[in-house]
Amino acid sequence: MRNVLAIFKKEFFSYIASPVGFVFIIFYTLVANGFFLIVQDFFRQGQVTMRGYFYVLPWIFLFFVPAITMRLWAEEKKMGSIELLLTMPLTEFQIIFGKFLAAFAFLCVTMSFSITIPITLGLLGDPDAGVILGSYIGAMLMGGAYLAIGLYFSSLTDNQVVAFIFSLVAIFVLLLAGIVPMYLNKVGPIVYVFEYISLLTHFHNVARGVIDTRDVIYYVSIIVLFLFLNIKNIEARKWR
Amino acid sequence: MIKVDSLSKRYGRVLAVDNISFNIEKGEVVGLLGPNGAGKTTTMKMLTSFLPCTAGRITVDGLDVFGDSLKVRQRIGYLPENCPLYMDMEVEQFLKFCAEIRGIDSSKRKKAVDKMIAECDLKKVTHKIISHLSKGYRQRVGLAQAMIHDPDILIMDEPTSGLDPNQIRDILNLINNLGQQKTVIHSTHILTEAESTSKRILIINNGKIVGEGTPEQLSAQSAGTAVFAAIKGEDVQAKLEAVDFIKDVSKTKDADDGYVQYAMHGQSEDSIAEDVFKLAVTNGWVINELHTQKASLEDVFARLTRG
């Protein structure tokens, strides 16, 4: 656990110490709040809920989360520091989990800047705090799944741009799986499979503030699956 | 201490390391010498458990480099080729990170870091970001990183590449000092470096060990000792060649006042000058010049890695 913490501290510091981290947070906040307040015309809706904010979140995360994870492995490979890291007395799990937690913490910090919205809602009316809190928790679960996917694709390449595009495409496909079946509801039970594997369908409940165990299990499974694949991919160099 | 047993590494179709074996005892300073692409770096990557071997086995203190990887890694300090570091960290912060990962208790961490900063002369750059440092300083940070947990074994891949002559001398001095207490393996393709630091040299070419021993032994083994003699007489070359243990007789300089200079090699480390002199006496030749010359490591290297 000490090793996980060491990796976590190092990676988290990398995020917040560079100006890129701040630019990222500002840019995210502008886009996410802009969508909610301007594009969705919050002030004329007359509703004190954050549903609109969370409704578009899967699509906003689609572009922002791969940008968080793209450097985690690709940069190590490019700079050669992977050789330093993998010859230290650390297990693959410790490294990957540390990196994942750092990215997750950075996403939490980024999301925390949206606190102005619930505060505004509180000033304007009487929002349901439970629903908002539930939505935040759900959003972080979904964000965690995106991060795990992005971290995995970063480990496949030494090029950050390639890592970004691969992660974006993979997440996009998992989102589309939730939309496409609506148009082909005649094809039979396969539709349920698509719906089940989609990152999007599981977010519908979450956006309403409902935390369903099934959705939690789904997101945690995605995280575990991709962290596991990541470990295997880093271990693959040892296969003879 | 380190046992390498018929180690091979194959990258696809290329055999980068071809069935090499060697032992390294505690406290030895061993130089891996070879042209670029000979397999030095690959060998080091396998020693540090970064890469698996295709065949063979490496043990450190009886521990398998792959089976007990974590324990082995804890005993090794490694400076990879080109000295990769985390460029966005400050020197002190980076060393603290390494100390933490190396399992140094938080109470002793500060002390270990300070010790390295003093030993590697990093006082001036303690709070600088690594990407702003010169190559020489980066190399020292790399060394500090490798030594922070006081490992028994230090493996350095071309520690002097890209440094200026003063920095090279500093690093070589450091290797010599370390050699008093630690087992050091370093690679280089610069011969004088290997000669000045290593008690033992392994010459690697095309993935094979082509020469092994102290610098002196190596010169003797491969090239023998050359003798130069300027002789006046009849049938000199033919008679020299007729002697069993005199090899490679050749004229190096043409007649000058009737003296012809010949170069020849003996078979062993011992000089054959005496034998040449006796032969001259028996045949009634006149000798104007007679001296022996040990083969330099350059000759040995060229001989072993060109053929």
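Hydrogens, waters and symmetry mates are skipped; everything else that's a heavy atom, side chains included, is used. In what follows, every chain begins at residue 1, and chains take the letters A, B, ... in the order their sequences are listed.
To the nearest 0.5 Å, the span separating CD on Glu83(A) from OG1 on Thr41(B) amounts to 8.5 Å. If you take CD1 on Ile76(B) and CE on Met88(A), they are separated by 13.0 Å, rounding to the nearest 0.5 Å. Separation of atoms NZ (Lys10(A)) and SG (Cys98(B)) is listed at 10.0 Å; rounding is to 0.5 Å.
Each of Lys45(B), Met87(B), Lys71(B), Arg10(B) has some count of heavy-atom pairs under 4.5 Å with chain A, and the biggest count is that of Lys45(B). Interface check for chain B: of the options Ala6(A), Gly80(A), Ser18(A), the most heavy-atom pairs under 4.5 Å are formed by Ala6(A). Ranked by heavy-atom pairs shorter than 4.5 Å toward chain A, the options Ser49(B), Ser69(B), Gly103(B) are led by Gly103(B).
Residue Asn33(A) places its CG atom among more than 12 non-hydrogen atoms of other residues, nucleotides or ligands, all under 6.0 Å distant. Within a 6.0 Å sphere centred on OH of Tyr11(B), other residues, nucleotides and ligands contribute more than 12 heavy atoms. Counting non-hydrogen atoms of neighbouring residues, nucleotides and ligands closer than 6.0 angstrom, the NZ atom of Lys77(A) exceeds 12 such neighbours. Within a 6.0 Å sphere centred on CZ of Phe27(A), other residues, nucleotides and ligands contribute 12 heavy atoms or fewer. Phe42(A) CZ: more than 12 foreign heavy atoms inside a 6.0 Å radius. Phe22(B) CZ: more than 12 foreign heavy atoms inside a 6.0 Å radius.
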- Query: side-chain contact (heavy atoms from CB on, under 4.5 Å) between Ile7(A) and Ile101(B): does it pass, once the steps are laid out?
  - Reply: CA-CA 8 Å; Ile7(A) 298 287; Ile101(B) 281 181; 4.0 Å; yes

Evaluation steps, side-chain contact (heavy atoms from CB on, under 4.5 Å), between Lys9(A) and Lys96(B): CA-CA 11 Å; Lys9(A) 280 196 292 194; Lys96(B) 271 186 187 153; over 6 Å; no

Please step through side-chain contact (heavy atoms from CB on, under 4.5 Å) for the pair Asp105(B) and Arg2(A), ending with a clear verdict. CA-CA 10 Å; Asp105(B) 284 337; Arg2(A) 177 163 76 177; 3.6 Å; yes

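Between Gln74(B) and Pro89(A) the shortest side-chain heavy-atom distance falls below 4.5 Å. Annotation: side chain of Leu86(A) is not in contact with side chain of Thr48(B) (no heavy-atom distance under 4.5 Å). Put simply, the side chain of Tyr78(B) does not reach to within 4.5 Å of the side chain of Leu84(A), judged on heavy atoms. Looking at heavy atoms from C-beta onward, Phe13(A) lies in side-chain contact with Gln93(B) at the 4.5 angstrom threshold.
Pairing each heavy atom of Pro84(B) with each of Ser81(A), the nearest pair is CB-N, 3.6 Å.
Evaluation of the side-chain hydrogen bond (donor to acceptor under 3.5 Å, both in side chains) rule for Glu11(A) yields Arg71(A), Lys99(A) as partners, not counting sequence neighbours.
Checking side-chain atoms of Arg73(B) against main-chain N and O of Thr87(A) turns up no donor-acceptor pair under 3.5 Å.
Only the side chain of Glu76(A) comes within contact range of chain B, with heavy atoms under 4.5 Å apart.
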